[in-house]
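Notes to accompany the following structure.
Please read these numbers as outputs of a predicted model, since none were measured by experiment. Both ligands and their constituent atoms are indexed starting at 1 by order of listing.
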Amino acid sequence: MGDYIGFEQKMERYRSLMDIPEEMIFFFEQDGFICERNKSVESQLEYKEEEYIYIQDIFRSVFRLENGNVALAGKPEAGRFETAAYRKNQTCITASTYIHFLDEEETGCYGMCCARNIGKYKETAKDLISAKVEVEEAHKERNEFVANVTHELRTPVNGVMGLAQNLLATSLTDEQKESVEIIKQCCSSMIKIINNILDFSKLQSGKFTIEYNEFSFHQMMDKLVKVNMPQVEDKGIKLICNVSADIPDMMIGDELRITQVLNNLLSNAIKFTSTGQIVINVVKTVDLEEEFELFFMVIDTGIGIDEKEMDRLFKSFSQVDASITRRFGGTGLGLSIVKNLVEMMGGSVNVESEKGRGSTFSFSVRVKKAGPDINGKTDAVKESSYLFNLGDIPVDDEEDEGASLYILGSPENISEVRANMEKLVICIEMENWERADSFADNIKQLVAEDTMNLKRKAFRLQMTVRKGAHEAAIVQYNELKEAIDKAFGEEEG
Ligand code: ADP
């Protein structure tokens, strides 16, 4: 007797648990009679506790009676499926339903059914879908409008630019010449903005494609440096370009888009740097059978970016603060275009920066190999010798003016690295962390990433120096020194 009461109490407890979920729960017998149900059934289907209900009256398209037994009307989909559940007043709700047939002898029931009212979710989903369609339509219209307007703007601006150029070829007074130069500069800034807006709207509407053609990497870098050199010289800063010797000259990729990305990063670096230098490092990071990855770094010693602003950088129309727009101009589209283009070329873009100390923008792109004889050491050696044959651009200018182009491992560069290392170790020993940091920074700028991972080692050393950990800094220093000695031979120092 005691056991029996315990069983009944337990059953009561289980029954009350059934009332907790919002889901409707039904247990039914062979003829469809619902022998057990939870409170949700009453509240949602508006039946009273004492009313008899049959499962086939609620789920009319799911069950039917066959010779007095309830059977499935069709074969419902496996798992949950969507169906109508009829209320007492003959209206219905949409329910996500689940049926399970039971062992009648063991459970006393023929089957169970769970049903969740999904009417309101369906409404919300419908609203969301139509909102999405509306937004997409609006985006499409906006992009088409922007593309048309910018296209229309380009023609007159190009016209003014052309006329200004013609005027400059005539005899003008100094004052007139200066004015025409300003007109020309304004036109080229406008063309830059128009092109950015046009590219942005093309990227947004998915009309941008990457074209794969064979091109000369060194000619591309050559052009990049030449085009940007006037601005570098105007600002009185230095441009250093390190290209790892194992990068073959000919490759297959989108030269125009790689140049566009580099131009964007380089022109930002020039814009935001007023003293010091800009270093472009290019290394080969992944070498597969048919393609390889190029890793570019554009390092500047400019105004830097606040850590909390970095997340916003690659979003469209984002400039880190409004005063920057007033001071430096721009639309905040450049980096968003860079991110899109780099991702379309199978790579990614990244930034490391410190306010007041400078920024490093890096990105990778995948390119295809141009031919079986293009890769390998012999070419690398050959290329090193004609790398950056820049004609009128001074190479390794002693006076530090304008461009200075090194190849990593050239005697000038490596001796500079070693000189900085000597000073660095003295500073570490004397625990003069501020000076040590600046020497570590110089080394970091001077070495290009290569197979010995010099750049990474230099970076780690600088980070340890910043922490002011004496012993750890010496360990890092020795590691870097060993790697440099291995890469360039001790005799060079
Ligand atoms: P914009 O075309 O206006 O320069 P970008 O998308 O290229 O737009 O850059 C967005 C913002 O990121 C810039 O306005 C600037 O605040 C910041 N930024 C980009 N590059 C640098 C850099 N090298 N140094 C400091 N700030 C930078």
Side-chain angles (χ1 to χ4, degrees), residues 146 150 153-154 157 185-204 208 224-225 227-229 231-232 234-241 257-282 295-345 347-363 365 441 444-445 459:
V146 169
T150 40
L153 275 175
R154 207 150 57 165
V157 177
Q185 268 170 25
C186 291
C187 285
S188 64
S189 327
M190 247 170 114
I191 290 171
K192 226 184 251 173
I193 294 172
I194 291 170
N195 287 345
N196 264 358
I197 298 176
L198 206 56
D199 282 350
F200 177 74
S201 64
K202 267 203 227 158
L203 280 164
Q204 291 280 298
F208 223 101
L224 175 87
V225 173
V227 166
N228 286 282
M229 199 47 72
Q231 291 89 300
V232 171
D234 275 355
K235 294 206 85 171
I237 51 178
K238 199 165 132 184
L239 177 64
I240 300 168
C241 198
R257 299 304 165 200
I258 300 176
T259 308
Q260 188 176 355
V261 170
L262 278 167
N263 260 327
N264 251 314
L265 298 182
L266 187 54
S267 62
N268 273 349
I270 298 169
K271 183 154 79 170
F272 296 110
T273 305
S274 46
T275 53
Q277 62 187 31
I278 296 165
V279 182
I280 304 174
N281 287 333
V282 196
F295 185 76
F296 296 81
M297 294 171 106
V298 180
I299 307 161
D300 68 55
T301 53
I303 62 171
I305 304 157
D306 218 56
E307 202 176 339
K308 58 180 187 301
E309 308 284 359
M310 291 223 228
D311 285 350
R312 290 200 296 134
L313 276 187
F314 297 100
K315 294 195 178 126
S316 37
F317 307 109
S318 164
Q319 287 182 316
V320 296
D321 88 49
S323 63
I324 283 183
T325 323
R326 286 194 296 275
R327 226 174 107 201
F328 298 98
T331 51
L333 282 177
L335 291 178
S336 140
I337 295 173
V338 162
K339 182 171 187 288
N340 276 283
L341 289 179
V342 163
E343 283 171 2
M344 284 177 86
M345 291 188 280
S348 59
V349 57
N350 192 35
V351 57
E352 273 173 33
S353 184
E354 215 179 297
K355 192 102 185 137
R357 296 190 69 106
S359 315
T360 298
F361 281 85
S362 58
F363 70 95
V365 289
D441 198 39
K444 195 180 84 182
Q445 313 276 354
F459 180 73

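The backbone N or O of Ile197 lies less than 3.5 Å from no partner atom in the side chain of Thr150, so there is not a single donor-acceptor pair. The backbone N or O of Ile270 lies less than 3.5 Å from no partner atom in the side chain of Thr273, so there is not a single donor-acceptor pair. The backbone N or O of Ile278 sits nowhere less than 3.5 Å from a side-chain atom of Lys238 that would complete a donor-acceptor pair. Side chain of Ser353 to backbone of Ile305: a donor-acceptor contact under 3.5 angstrom is found.
Nearest-heavy-atom check against atom 23 (N) of ligand 1 across Val351, Thr360, Asp300, Val298 picks out Asp300.
The residue Val338 has no part lying near ligand 1, judged by heavy-atom distances below 4.0 Å. With a 4.0 Å heavy-atom cut-off, ligand 1 is reached by the side chain of Ile305 but not by its N, CA, C or O.
Scanning all heavy atoms of the two residues, the minimum distance from Ser359 to Gly304 falls at OG-CA, 3.6 Å.
Of the polar atoms of Gly304, none of the N or O atoms is found under 3.5 Å from an N or O of ligand 1, judged by distance alone. Considering backbone and side-chain atoms together, Asn268 places an N or O closer than 3.5 Å to an N or O of ligand 1. At least one N/O-N/O distance between Leu335 and ligand 1 falls below 3.5 Å. Checked against a 3.5 angstrom limit, the closest N/O atoms of Lys271 and ligand 1 fall inside it.
Within the structure, the closest approach of Leu313 to ligand 1 falls below 4.0 Å when heavy atoms are considered. Within the structure, ligand 1 has Ser359 among the residues with a heavy atom less than 4.0 angstrom away. In this structure, Phe314 has no heavy atom closer than 4.0 Å to ligand 1. Under the 4.0 angstrom criterion for non-hydrogen atoms, Glu309 is not in contact with ligand 1.
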Please step through side chain to side chain donor-acceptor pair (under 3.5 Å) for the pair Asp199 and Gln260, ending with a clear verdict.
CA-CA 11 Å; Asp199 282 350; Gln260 188 176 355; 2.5 Å; yes

Run the side-chain contact (heavy atoms from CB on, under 4.5 Å) test on Met344 and Phe208 for me, step by step, so that the C-alpha distance in whole Å, both residues' side-chain angles and the decisive distance to 0.1 Å come before the verdict.
CA-CA 9 Å; Met344 284 177 86; Phe208 223 101; 4.0 Å; yes

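Using cut-offs of 30° and 60° for the angle between ring planes, the Phe296 and Phe363 rings count as parallel.
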